[in-house]
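Written below as structure tokens is the structure these notes are about.
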Amino acid sequence: MVFSVTKKETKPYEGQKPGTSGLRKKVTVFQQPHYLANFVQSTFNALPADQVKGATIVVSGDGRYFSKDAVQIIAKMAAANGVRRVWVGQDSLLSTPAVSAIIRERISADGAKATGAFILTASHNPGGPTEDFGIKYNMGNGGPAPESVTDKIFSNTKTVTEYLIAEDLPNVDISVIGVTSFTGPEGPFDVDVFDSATDYIKLMKTIFDFESIKKLLASPKFSFCFDGLHGVAGAYAKRMFVDELGASESSLLNCVPKEDFGGGHPDPNLTYAKELVDRMGLGKTSNVEPPEFGAAADGDADRNMVLGKRFFVTPSDSVAIIAANAVQSIPYFASGLKGVARSMPTSAALDVVAKNLNLKFFEVPTGWKFFGNLMDAGMCSVCGEESFGTGSDHIREKDGIWAVLAWLSILAYKNKDNLGGDKLVTVEDIVLQHWATYGRHYYTRYDYENVDAEAAKELMANLVKMQSSLSDVNKSIKEIQPTVADVVSADEFEYKDPVDGSVSKHQGIRYLFGDGSRLVFRLSGTGSVGATIRIYIEQYEKDSSKTGRASSDALSPLVDVALKFSKIKEYTGRSAPTVIT
């Protein structure tokens, strides 16, 4: 079949600015005439010619509503722009970490590798006809496009007047594996639909000791539960956990990917992963004995939540515990860690591990691309962020299933001589032992969503202004809570990238206390309407007789300080946060 190329006239839409995670808007916005096409053409125009003409690109995502339409539009535009082939996961399903792995690892029959990918996801945001859709571009290293590229894309969206599309190219059946070949003005064009899980599982087998995890899962004392939240993780769960590792199928919850995530919110936290939380004994009512280990992943499977029996592991603790145990437990890290890194709002639990193990340590702004730079330069092996993202240098995205396998590896290692014994070392045992060794960072995050953007800006400006006098700050804080330690430094976080020298300013407002505790305030733009204020409250306790307190008790004085000192109620009119994590 020979196709022709059409130039379509268009005019710019406002606000097509890709954030750290691409462009996210309501589905109805993306369904406007030429809206998606404008963004895709602006992306092609922002890339070097050799990453478009004759190139191989990946197009897939978390399977949310509008993905199947978007794949066909992007394939037709790729053909018209001279792309040589498009790789699509079956049913357009590829997790964000799998896309990164495929860009880095997959080689076509004629030796070609992908130069980049359009990932169709709005991550942990809900899906469906009235919910969110998103698109982001990843580069040849498998990581998200850097600001230099996303700025160029945004600038192109403001001036775009035409786009190229092969309108007469028929839709390709993406439910069937196989290559469909076409010919256009610039030669052959293929759409290659392949199995979503094979490449990713192959990579995981080079990282983890599957045999030892299998033995753990086979132990009658060990039980396991994984919740896919009806996101793309479902395309991997049965293959990975049941077929490869021998878990029973009944241990999988919500592992059928759905366009609307089953009407749920595909965000793996204590609020939205309700079924898993109940099954693990952390819900209001629970009369069945919970499994030993539970985990969930988000819509595009790059985030994770890890639970023990009646026990929640905070993401900040999770990355610290993985780093502390990686060398012994995970073959990929056997020769040592190159370094570790966390996002600024994440608790300092990882810092303490790095200091004790004498590891290179980096604190970076929120956004996975900062970790990617360190990894590309060979400076970082394990990294994580408080928003349930954990990962390593095997790819350039956070990786939910990798984190689950990392925890299973640690459990398998701790129990290797104990599988026939009376009692296994549990998730809770591992965390308590970690706190006894390194101290505990009590940690909570308050999110105020869809706040009036002006009010949010004023609140932040006031917090910066107050930093000019720490003695006044401490005076105000002591009036609220006399027992709280003194603030010893306060700033607006900025980061100079040690790899490329770029500087990121205004990354959040920090108040650091003498006892290692912290308050952090950030304005976040990942929602699709209004502003979100996030307050991160962290109390450090190194006295091992005090690391077992209820988190809410340990944090209560600092929470009181955060809310009153920031005057959040006065500025936003909110008497309580939308979400507490």
Side-chain angles (χ1 to χ4, degrees), residues 14-29 122-126 130-134 265-267 269-272 298-299 303 315 343-347 365-367 385-389 443-467 473 476-477 480 490-494 504-511 518-538 552 555-556 558-581:
E14 259 183 43
Q16 288 196 324
K17 184 176 172 63
T20 48
S21 331
L23 181 67
R24 290 183 192 169
K25 303 279 180 191
K26 293 289 177 206
V27 166
T28 47
V29 173
S123 191
H124 50 287
N125 296 9
T130 60
E131 296 295 350
D132 291 0
F133 185 74
H265 201 121
D267 198 353
N269 59 36
L270 295 172
T271 307
Y272 295 123
D298 71 333
R303 296 183 178 208
S343 67
M344 185 275 283
T346 304
S347 97
T366 299
E385 50 189 24
E386 49 68 42
S387 51
F388 295 87
Y443 185 88
T444 188
R445 176 178 119 184
Y446 281 35
D447 290 10
Y448 296 79
E449 293 173 1
N450 302 334
V451 171
D452 176 74
E454 279 313 304
K457 277 186 195 146
E458 284 172 26
L459 178 143
M460 298 298 275
N462 184 50
L463 284 167
V464 172
K465 199 173 109 199
M466 290 196 292
Q467 293 182 337
V473 164
S476 312
I477 287 177
I480 303 166
D491 63 4
E492 209 175 349
F493 180 62
E494 66 173 60
S504 307
K505 298 184 175 188
H506 310 299
Q507 294 297 316
I509 295 163
R510 301 190 295 179
Y511 285 83
R518 301 189 314 156
L519 286 181
V520 172
F521 300 84
R522 282 184 68 240
L523 208 51
S524 170
T526 50
S528 55
V529 278
T532 297
I533 298 169
R534 302 192 200 279
I535 307 180
Y536 307 83
I537 302 156
E538 176 182 346
S552 52
L555 286 162
S556 157
L558 212 48
V559 168
D560 192 34
V561 166
L563 304 187
K564 288 176 182 162
F565 179 70
S566 67
K567 300 192 168 68
I568 188 123
K569 193 175 173 183
E570 290 84 328
Y571 280 102
T572 65
R574 303 281 178 91
S575 55
T578 322
V579 183
I580 297 179
T581 305

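Quantities reported herein were computed from a predicted structural model and do not represent experimental measurements. No hydrogens, no waters, no symmetry mates; every other heavy atom, side chains included, goes into these values.
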With heavy-atom distances below 4.5 Å as the criterion, would you say the side chains of [X] and [Y] are in contact?
{"X": "Leu523", "Y": "Ile533", "result": "yes"}
{"X": "Thr366", "Y": "Met344", "result": "no"}
{"X": "Thr532", "Y": "Tyr448", "result": "no"}
{"X": "Phe133", "Y": "Val29", "result": "no"}
{"X": "Val520", "Y": "Tyr511", "result": "no"}
{"X": "Phe521", "Y": "Arg510", "result": "no"}
{"X": "Glu492", "Y": "Lys505", "result": "no"}
{"X": "Arg445", "Y": "Ser387", "result": "yes"}

Between the side chain of [X] and the main-chain N/O of [Y], is any donor-acceptor distance below 3.5 Å?
{"X": "Arg534", "Y": "Tyr446", "value": "no"}
{"X": "Glu494", "Y": "Ser504", "value": "no"}
{"X": "Ser566", "Y": "Ala562", "value": "yes"}
{"X": "Arg574", "Y": "Glu449", "value": "yes"}

- Would you call the rings of His265 and Tyr272 parallel, tilted or perpendicular, where under 30° means parallel and over 60° means perpendicular? parallel

- Message: Set out, in order, the CA-CA distance, both residues' side-chain angles and the distance that settles side chain to side chain contact (heavy atoms under 4.5 Å, CB included) for Val27 and Thr130, then state yes or no.
- Response: CA-CA 6 Å; Val27 166; Thr130 60; over 6 Å; no

Heavy-atom pair with the smallest gap, counting every atom of [X] and [Y]:
{"X": "Tyr443", "Y": "Thr346", "result": "OH-CA, 4.0 Å"}
{"X": "Glu385", "Y": "Ser343", "result": "CB-OG, 3.3 Å"}
{"X": "Leu555", "Y": "Ile537", "result": "CD2-O, 3.7 Å"}
{"X": "Ile580", "Y": "Thr444", "result": "CG2-OG1, 3.6 Å"}
{"X": "Met460", "Y": "Ile509", "result": "O-CD1, 3.4 Å"}
{"X": "Pro365", "Y": "Gln507", "result": "CB-OE1, 3.2 Å"}

Supply the atom-to-atom distance [X] [atom1] to [Y] [atom2], rounded to the nearest 0.5 angstrom.
{"X": "Ser476", "Y": "Lys564", "atom1": "OG", "atom2": "NZ", "answer": "13.0 Å"}
{"X": "Lys567", "Y": "Phe565", "atom1": "NZ", "atom2": "CZ", "answer": "8.0 Å"}
{"X": "Asn450", "Y": "Thr572", "atom1": "CG", "atom2": "OG1", "answer": "12.0 Å"}

- Applying salt bridge (Lys or Arg N to Asp or Glu O under 4.0 Å), run through Lys25 and Asp132 and close with a yes or a no. CA-CA 6 Å; Lys25 303 279 180 191; Asp132 291 0; over 6 Å; no

- Query: Going by distance alone, is a donor N or O of one side chain under 3.5 Å from an acceptor N or O of the other, for Ser123 and Asp298?
  - Reply: yes

- With sequence neighbours excluded, tell me which residues meet salt bridge (Lys or Arg N to Asp or Glu O under 4.0 Å) with Arg522. none

- Query: Can you pull the salt bridge (Lys or Arg N to Asp or Glu O under 4.0 Å) pairs that have at least one residue in residues 452-465, sequence neighbours excluded?
  - Reply: Glu454-Lys457

